[in-house]
Structure formats: structure tokens, C-alpha cells
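Worksheet: one structure, shown below.
A note on names: the letters A, B, ... follow the listed sequences, proteins ahead of strands, and every chain is numbered from 1.
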Amino acid sequence: MLPSHSDRNPIPSALSGFHRHELTGRPLNLSATLASGQNFRWRQDSERIWWGVIGDLAVGVWQEAGQPDSPLFWQTFPEPGRWEVIADYFRLEVDLEALYAAWSRAEPRIADALTAFRGLRLLRQPPVECFFAFQCAACNTVVKIERSVSQLAARYGEPLAVSRPPAVAANPGEERIFYTFPTLEALAQADERALRADLWGYRAPRVIALARHLLSLSPDWLASLRQASYAEAHAALTALHGVGAKLADCICLFALDKDEAVPVDTHIRQIALRLFLPDLAGKSLTPRVYSALADAYRARFGPYAGWAQQYLFFAELRRADAYRDPALSGAAD
DNA sequence: GCTTAACCTGGACGC
DNA sequence: GCGTCCAGGTTAAGC
């Protein structure tokens, strides 16, 4: 079960008990995927093992840094061996090489980002978690979003029983407690003052109101949008008070399998103005401009435009020095 | 249909 | 130490 030794990156001893999965033909750049701003709850420990929560499972994953074709080492807690959950979450069914070829033909200027972050994948996140995590994103910083979302889970989620809790870098030797993301029922009964104390600020009452509204529709309403078209899902989401076009696109792309969704935030806007639509520079981000920018990505990158924009987005983040991990790609090792 | 201000808050920055 | 600005947006009012 344990891997062979590697001189470049010693296999962490903490991987004892982990499984090994060969990513044959399905590259995965673990660090780029988990640090590219899709999800705010994954953390790396001192041995560079990534720890997160998928649904009701705590998950540990490790891969040799900058080697998207190297094996993935993984384990789930408290129920071990749930590979199907990990494969689904990281969307390993998607053939990246075919996408790279098509994107490069359509827009050669994406080549550097593809090379730097080869194996970056979009996640298939639980819809409720994605919906509320990105509620926190408005006028906020990534560090604060991560803190707010983690505190929300700790306050209103359920602790996960991990039989052999991993130590995490920030607190060596301390047992790490994992929490599920809160249910709609828990969020509907949340205390606004507590949320404000957790840095949710003016977003706090909106979170509670949205949870109550979603419950009134159906506990499974968000997940049911996976069966809808992109246009239908986007329209349904933006009809909710507090959900604009950008947030709707984040949920569509990161949780609802709408691969053509392009969340136009400040970074994606700047990239599009620089590469595709310089004539729109100086224009306010009205709904019409938002659509024009997103359509520009879709016109070039097709039905997986949302994946392509994630590469450009992450490259822009790194340029802006807004990333935390210096070893996200092979070039960085 | 576009522009603007308000909404929380902590960190970076200039003075 | 203090003031100002900014950060992965959304909404409503005013024009």
C-alpha cells in the first residue's frame, strides 16, 4: 500500500494506511486544484498532505509536488476506502488532454497557463457548501473567506469521528477535528450575531434568509439544478435575493456540472479586457458587459470554457501574488 | 440601461 | 498611531 521512496520528495510517513491510485491518462495537479480558489476549506499539513471534507467524509490526499501524472495517495475517514467519492469530487472522468489541444488551437495565449498548471481540475462540490461559501466572497479577501467558511462549519457543522486524527501543521501534535458543512436546517437557525462575529459582516442576515428560503423550496432544490440546463440553473439562482450573476456562475461551475459557466469577477474581467475585448475597458460591469465578457470565453473555449477560465484565473492570481503556496506547479519546484 | 452608494471588516500602506 | 484604501459582489435608488 505504501509507495516506494522518492529522493525528490520523500513520501510522508503519515501516509501509512493510505491507498495508492495510478492516474493513468488522467493527470491531476492536486495543489493547483485545491489552491485555485474553488473551495476554501482544504489545508496542507507539515508533510504536505491535503486535508478536507467531502460531504460526511474527512479526506486526506497527497501527491508528489508538481507531478500531475504521479500517483495519488488517499484515505477517507471515518469510513475508509471511499475512492468513488474522491474520483467524483476531482472529476477524474474529464479528459484534460483533449481539452488542452482544443483550447490551444483556439487561443494560443493560454499555453503558459496550461503548462504551469497541467492537471488542474474543477471540483464537483456539494451544492449547499459551494452556494454559501461563495456568499462570503463579495468584497472580501481569500484569507478572510477561508476563515469565515471554516468557522461556519465549526459552529454549525457536525464533527466527524476520525479514528486516527491527523496532526496539522499549525498545531503540531494536536488532533484535528473535521466538520461537515452545515445543513440548510442548521443555517436557517443560525444566530446572526454569531455569524457577524465570524467575519460574515453584512452577509450574515443574507445567509440565514437564503437558507430559510432554500428550505422552503426543497432541501434538494439546489442539487436538482444539476439536471437543468446551464441557462435554467443560472436563471433559477439569480432569481434568489442576494445571488447575482457571478455567484450563480460559481455555483453552476463548481457544483452543478455547468462547464460552460464563466464567473466574471474582477480578475476574469481584467484578463478578458487584456486578451479579448479591449474596447470594453472602462465600461462598468453591467449585465450586458458581464454577458459579453463571459461569451468571449465561451466563443473561444467552447463547452468547457469554465475550465479554461480557471487556468487563466489562477495564473492571474499567481501574478498578483495572491496565492499562498509557492510549489503549485512543476516550474515552481 | 447605466451609475452610484451602501453594506462589514481586517490588513496593507502611506504619513 | 491613525486615516485611507482595497478586497473574487449584490442591491436599490436615481438619473
Side-chain angles (χ1 to χ4, degrees), chain A residues 32-42 113 117 120 122-123 125 129-152 190-211 213-214 234-255 261-274 279-294 297 305-325 328:
Chain A
T33 297
L34 294 178
S36 63
Q38 306 178 56
N39 184 284
F40 303 101
R41 292 221 288 157
W42 287 86
F117 309 125
L120 189 164
L122 292 203
L123 303 171
Q125 302 181 44
E129 175 173 346
C130 185
F131 182 93
F132 287 99
F134 278 94
Q135 271 292 324
C136 192
C139 282
N140 215 343
T141 60
V142 171
V143 172
K144 285 172 63 181
I145 298 169
E146 289 174 344
R147 193 184 311 168
S148 295
V149 173
S150 293
Q151 288 176 335
L152 186 73
D191 176 45
E192 181 180 328
R193 286 169 302 179
L195 291 185
R196 286 181 181 272
D198 291 343
L199 303 183
W200 283 79
Y202 66 90
R203 308 164 192 88
R206 188 179 293 170
V207 165
I208 298 167
L210 279 167
H213 183 65
L214 290 177
H234 193 269
L237 289 167
T238 52
L240 301 172
H241 186 83
V243 180
K246 191 269 180 178
L247 176 55
D249 274 322
C250 286
I251 301 160
C252 281
L253 183 62
F254 301 139
V262 177
V264 179
D265 64 9
T266 180
H267 301 294
I268 283 300
R269 181 185 181 193
Q270 290 306 317
I271 296 166
L273 295 178
R274 197 168 64 233
D279 292 347
L280 292 183
K283 301 253 185 187
S284 297
L285 191 59
T286 62
R288 180 178 300 202
V289 171
Y290 184 102
S291 294
L293 295 170
Y297 285 89
W307 289 58
Q309 68 81 34
Q310 193 69 16
Y311 283 77
L312 295 169
F313 170 82
F314 194 39
E316 186 81 358
L317 269 193
R318 293 202 63 176
R319 262 196 293 273
D321 238 4
Y323 61 98
R324 294 165 294 123
D325 190 338
L328 297 175

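Of all heavy-atom pairs between Arg203(A) and Cys136(A), the closest is NE-O, 3.5 Å. Heavy atoms only, all atoms of each residue included: Tyr297(A) and Ala305(A) are closest at O-CB, 3.8 Å. Heavy-atom minimum distance, Gly242(A) versus Leu247(A): O-CD2, 3.9 Å. Scanning both residues, Val289(A) and Ser284(A), for their nearest heavy atoms gives CG2-O, 3.3 Å.
Regarding Asp265(A), its CG atom lies at a distance of 17 Å from the P atom of dC6(C), rounded to whole Å. Trp200(A) has its CH2 atom 15 Å from the P atom of dC8(B), to the nearest Å. Taking atom CZ of residue Phe134(A) and atom P of nucleotide dT10(C), one finds them 12 Å apart after rounding to whole Å. Distance CZ (Arg196(A)) to C1' (dG10(B)): 16 Å, rounded to an integer number of Å. We find that NZ of Lys283(A) is positioned 14 Å from P of dG1(B), with the value rounded to whole Å. To the nearest angstrom, P of dC6(C) lies 15 Å from NZ of Lys144(A). Taking atom CD of residue Glu316(A) and atom P of nucleotide dA7(C), one finds them 12 Å apart after rounding to whole Å. Atoms CG (Asn140(A)) and P (dG9(C)) sit 9 Å apart, rounded to a whole Å.
Classified by interplanar angle (parallel below 30°, tilted 30° to 60°, perpendicular above 60°), the ring pair Phe117(A)/Phe314(A) is tilted.
Closest to the side chain of Arg203(A), out of dC8(B), dT10(C), dG8(C), is dC8(B).
In terms of phosphate contacts, His267(A) brings no side-chain nitrogen or oxygen within less than 4.0 Å of OP1 or OP2 of dA7(C). OP1 or OP2 of dT3(B) sits under 4.0 Å from a side-chain N or O of Ser284(A). Taking only side-chain nitrogens and oxygens, Arg288(A) comes nearer than 4.0 Å to OP1 or OP2 of dG1(B). Taking side-chain N and O atoms only, Thr286(A) has a distance below 4.0 Å to OP1 or OP2 of dC2(B).
In terms of position along DNA chain C, the nucleotide closest to Ala138(A) lies nearer the 5' end than the nucleotide closest to the other residue of the pair His241(A) and Ala138(A). Both Arg147(A) and Cys139(A) lie close to DNA chain B; mapped to their nearest nucleotides by heavy-atom distance, the more 5′-ward contact belongs to Cys139(A).
Donor-acceptor pairing under 3.5 Å, judged by distance alone, is present between the side chain of Tyr202(A) and the base of dG9(C).
Using a 4.0 Å heavy-atom criterion, one finds that Ala245(A) contacts the sugar-phosphate atoms exclusively. Residue-level contact check: Leu240(A) touches the backbone only, with heavy atoms under 4.0 Å from sugar-phosphate atoms and none from bases. Residue-level contact check: Phe40(A) touches the bases, meaning some heavy atom is under 4.0 Å from a base atom. Contacts of Gly244(A) with the nucleic acid, taken as non-hydrogen atoms under 4.0 Å apart, involve only primed sugar atoms and P, OP1 or OP2.
Between Arg206(A) and Leu210(A) there is a side-chain heavy-atom pair separated by less than 4.5 Å.
Here dC8(B) sits opposite no nucleotide as a Watson-Crick or G-U wobble pair (both hydrogen-bonding atom distances under 3.5 Å).
Rounded to a whole angstrom, the distance from the P atom of dG8(C) to that of dA6(B) is 22 Å.
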